[in-house]
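Input: a single structure, listed below in structure tokens.
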Protein chains: 2
Amino acid sequence: MPLDISSHTGEKPAGRIRKQNEKLILTAAEKEFAACGFKGASMREIAARAKLPKANIHYYFKNKLGLYLAVLSDIIDLWDGTLSNLTTDDDAAQSLAQYLRKKIEFSRDHPLASRIFASEVISGGPNLGSYFTEGYEAWFRSRTAVFEQWQQQGKLDPNIIPSHLIFLLWSSTQHYADFALQASSALGKETLDEEDYEQAITTLTHIILKGCGIVLED
Amino acid sequence: MPLDISSHTGEKPAGRIRKQNEKLILTAAEKEFAACGFKGASMREIAARAKLPKANIHYYFKNKLGLYLAVLSDIIDLWDGTLSNLTTDDDAAQSLAQYLRKKIEFSRDHPLASRIFASEVISGGPNLGSYFTEGYEAWFRSRTAVFEQWQQQGKLDPNIIPSHLIFLLWSSTQHYADFALQASSALGKETLDEEDYEQAITTLTHIILKGCGIVLED
DNA sequence: GTCTATAGAGTGATAGAC
DNA sequence: GTCTATCACTCTATAGAC
């Protein structure tokens, strides 16, 4: 049971209950949206998963889209702060290796988040609003710029097209969340275990760093 | 208009109409299932896309699941015959390069198929029946065996774990179908063009072959 | 083979008692 | 803040006229 810190933060008990229930609902919604997509998800099922009456969901969240966007924005917040952290100053080898590890650990620890985002993009992003239109290209260019500088400094194979390298970093790591069912089935397991994730990190890091003409000293 | 060959094949005109309508419905269903997932898709919308009355869909296909499975089995048929074609006899460099090209061209030419399969796996594969359970592990092992033989013959870096290399081949190529929206947005385009796909093939081939310790002579 | 009309279950959302 | 009861709508699927 978590420690009650409401008397220290000045929150009303009511606010505490609100946060608890919102958390319950968000967790339930995450599972349902990951399993069924936005259109396929049902508020009835979310309520059942949260073990709350259906009307309570509508008390805390305006409607289905509002709940979905709340889940999705949490996910996008998590997304930021990984690739955005890459800067030119960093050591190319260390940076790439760390990025691959972080993303695979993210796939292991937040598979539902990754799947909801993937479902949304696959279905054409009808609920992403202006996420991909406003400033996305500019942000992406600031990311490719880091790789271009590394290329100019001779730290990265100049034959590689940075944008496609980024797509490779994304796809190869997210795969362990989105296609975990296929991967575990292929390996003859119920779920991927710690060793599988470590082997994924090792193999991906090896192939991509070597393929990019980078040597990681240990 | 396609040439009428029914008098040569012995098909009844009725059979011809059946095939035409089934094709219309399957094409419409493919778009709808890719955009909404299985649960989110609606037979009403599929009928509208096919420009047929809703009841006609049920005349040609038993129910929603039957139609979905028809679409999905077409997709899985397409899937086979790519990785399955890899054999030990082949030249490792040529084989991998060809595989990457084939899969990216597949992502370009059949993005909807890739997305439907991805949606199904992401949502936990509730409609895949025994696809992942019966013989899938054995089939996958026969695929990793090819890479292991290459390793024993010194054609492939022994540090690489074959199963994770296969996951990398899958993920990096399918990404161009499933995440086409994100990729095109990042590049500031409406859709990916021929040059993008060529650059994807070039970059992926370069990184993966070099990363695997394989040199592709041209 | 085609298509209208509709049954019957499930959907998101809300009013109103507690 | 909670939750039952219900509304209006959409869903899949089918019966039955043409």
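To find a chain, count down the sequence lines: A is the first, B the second, and so on, and within it residues start at 1.
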Legend entry - Rounded distance (Å) that lies between atom C1' of C:dG1 and atom CD of B:Q20: 14 Å

Legend entry - Charged N-O contact under 4.0 Å between B:E120 and B:R115: no

Legend entry - Qualifying residue, where the test is side-chain contact (heavy atoms from CB on, under 4.5 Å) with A:Y197 and the options are A:D109, A:T202, A:L192: A:L192

Legend entry - B:F147/B:H164 aromatic ring centres below 6.0 Å: no

Inset, instruction - Side chain of B:N56 only, please: which of C:dT2, D:dG1, C:dG1 is the nearest? - result: C:dT2

Legend entry - Sugar-phosphate, base or nothing in reach of A:Y60, heavy atoms under 4.0 Å: sugar-phosphate

Legend entry - Nucleic acid contacts - residues 22-37 of chain B versus DNA chain C, non-hydrogen atoms under 4.0 Å: none

Inset, instruction - For A:I17 and D:dC3, give me the distance from atom CD1 to atom C1', rounded to whole Å. - result: 15 Å

Inset, instruction - Would you confirm whether the ring centroid of B:F167 sits within less than 6.0 angstrom of the ring centroid of B:F140? - result: yes

Legend entry - Annotated protein contacts, base or backbone, on nucleotides 11-18 of chain C with a non-hydrogen cut-off under 4.0 Å, one of B, S, - each: SBBB----

Inset, instruction - Take A:L165 and A:I208 through the test side-chain contact (heavy atoms from CB on, under 4.5 Å) and record every step on the way to the result. - result: CA-CA 9 Å; A:L165 171 55; A:I208 294 177; 4.2 Å; yes

Inset, instruction - Mind calculating the distance between CD1 (B:I57) and P (D:dC11) to the nearest angstrom? - result: 14 Å

Legend entry - Smallest separation among heavy atoms of A:L24 and A:A50, with atom names: O-CB, 4.0 Å

Inset, instruction - Could you check A:I76, A:I116, A:I25 and say which one makes a side-chain contact (heavy atoms from CB on, under 4.5 Å) with A:V71? - result: A:I116

Inset, instruction - Take the angle between the ring planes of A:F106 and A:W79 and call it parallel below 30°, perpendicular above 60°, tilted in between. - result: perpendicular

